[in-house]
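Below: the structure, in structure tokens.
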Amino acid sequence: MSSSTHPEPPRTGRTGRPRSAEADTAILEATRASLVELGWSKLTMGDVATRAGVAKTTLYRRWANKNELVVDAVAVLFDELELPDRGSLAADVEGVVLQFADLLRQPETKTALMGVVAESTTDEALRGRIRSAIVERQKRLVLEGRERAQARGELPYEDDPEAAARNTDLIFDVVAGAVVHRALVSAEPVDEEWARRFTVLLVSGLGSLNA
């Protein structure tokens with residue numbers, strides 16, 4: 001489950017020497033490992049630097065604080081999500097829902113996501129980074145799925161760009177909200193039967209969005 005190319009994590013706006021992709025990868029991997037072993041509260045920039053084999057100053061040139069670092073570490077995992085072409089809108093939705101659930105079952109994803117969401121309730125800047133690094137980037141899946149379904153004749157084309165954008169936001173919120181709540185809040189399985197029933201509910205509603 002991987003993509004050939006992924007967007008780079010958001011930049012902090014700092015200047016200086018060019019960033020090293022290898023160093024970034026090592027740092028983000030070390031961050032996820034620290035989350036699993038130490039948990040959100042005990043994770044420190046110093047521990048991540050030691051695990052990644054870089055100086056702490058290297059981290060601070062890239063990320064201003066732990067919150068930014070953890071968001072980018074988990075954003076990379078979300079970038080691995082793909083929308084499989086399984087021949088129909090319903091089958092495509094089921095496929096991405098099951099991929100998403102598998103991702104949320106990973107300890108590093110679960111710990112990071114729950115941690116940053118909790119912290120973001122009192123940190124507007126962190127909420128913004130979550131929106132830009134995770135939410136806005138993953139709306140690509142909705143856009144791709146809708147375009148594919150329109151090409152198949154399963155959904156009508158949308159002439160109003162503003163209405164299309166609102167629908168994209170709504171579809172993303174419904175899918176992400178339902179899967180996250182089921183997997184992380186209710187702690188119930190997101191199995192093939194649940195994914196099928198959820199998809200029936202979603203797809204039946206998609207046909208009436210532009211009515």
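Between the side chains of Q150 and R152, no donor-acceptor pair is found at a separation under 3.5 Å.
K66 places a side-chain N or O within 3.5 Å of a backbone atom of W40 that can act as its donor or acceptor partner. In this structure a side-chain-to-backbone donor-acceptor pair under 3.5 Å is missing from E154 to S88. Checked by atom type and distance alone, the side chain of R146 never pairs as donor or acceptor with a backbone atom of V142 at under 3.5 Å. For R182 (side chain) and P189 (main-chain N/O), a donor-acceptor pair under 3.5 Å exists by modelled atom type. Checking side-chain atoms of D85 against main-chain N and O of G87 turns up a donor-acceptor pair under 3.5 Å. Side chain of E68 to backbone of W63: no donor-acceptor contact under 3.5 angstrom is found. Counting only distance, with no hydrogens or angles, the side chain of S204 and the backbone of L201 share a donor-acceptor pair below 3.5 Å. Using modelled atom types, no side-chain atom of T58 and backbone atom of V54 make a donor-acceptor pair closer than 3.5 Å.
Salt bridge status for R129 with E119: absent, with no side-chain N to carboxylate O gap under 4.0 Å. Taking 4.0 Å as the cut-off between side-chain N and carboxylate O, D47 and K42 do not count as a salt-bridged pair. Ion pair R86/E94 not flagged as a salt bridge, since none of the NZ, NE, NH1 or NH2 atoms sits closer than 4.0 Å to an Asp/Glu carboxylate oxygen. Between E144 and R148 a salt bridge is recorded (basic side-chain N to carboxylate O distance below 4.0 Å).
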> Would D169 and K139 satisfy side-chain contact (heavy atoms from CB on, under 4.5 Å), going step by step from the backbone distance to the final call?
Replying inline: CA-CA 8 Å; D169 289 347; K139 286 179 183 176; 2.5 Å; yes
>> I'd like to know whether T199 forms a side-chain contact (heavy atoms from CB on, under 4.5 Å) with W194, so could you lay out the CA-CA distance, the side-chain angles of the two residues, the decisive distance to 0.1 Å, and finally the verdict.
In response: CA-CA 8 Å; T199 299; W194 187 90; over 6 Å; no
> When you look at L89 and L155, which way does the side-chain contact (heavy atoms from CB on, under 4.5 Å) test go after all the steps?
Replying inline: CA-CA 9 Å; L89 174 60; L155 291 176; 4.0 Å; yes
>> Walk me through whether V175 and F198 qualify under side-chain contact (heavy atoms from CB on, under 4.5 Å).
In response: CA-CA 9 Å; V175 175; F198 171 74; 4.2 Å; yes
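Taking every heavy atom of both residues into account, R62 and D24 meet most closely at NE-OD1, 2.6 Å. Scanning all heavy atoms of the two residues, the minimum distance from A26 to A52 falls at O-CB, 3.8 Å. L104 and A183 get closest at one heavy-atom pair: CD1-CB, 4.0 Å.
Other residues, nucleotides and ligands contribute more than 12 heavy atoms inside 6.0 Å of the CD atom of E193. Around CD of E22, the count of heavy atoms belonging to other residues, nucleotides or ligands within 6.0 Å does not exceed 12. In this structure, R105 places its CZ atom where more than 12 heavy-atom neighbours from other residues, nucleotides or ligands lie under 6.0 Å away. Summarising the local packing, CD of E188 is surrounded by more than 12 heavy atoms from other residues, nucleotides or ligands at distances under 6.0 Å. For CG of D191, the number of neighbouring non-hydrogen atoms (other residues, nucleotides, ligands) closer than 6.0 Å is greater than 12.
Between R32 and E37 the shortest side-chain heavy-atom distance does not fall below 4.5 Å.
Under the 4.5 Å side-chain contact rule for hydrophobic residues, V203 and V200 do not share a cluster. Connection of L77 to V117 is established within a shared hydrophobic cluster, with ILVMFWY side chains joined at heavy-atom distances below 4.5 Å, either directly or through further cluster members.
L103 pairs with exactly one of T109, L98, V74, V179 by the side-chain contact (heavy atoms from CB on, under 4.5 Å) rule, that one being T109.
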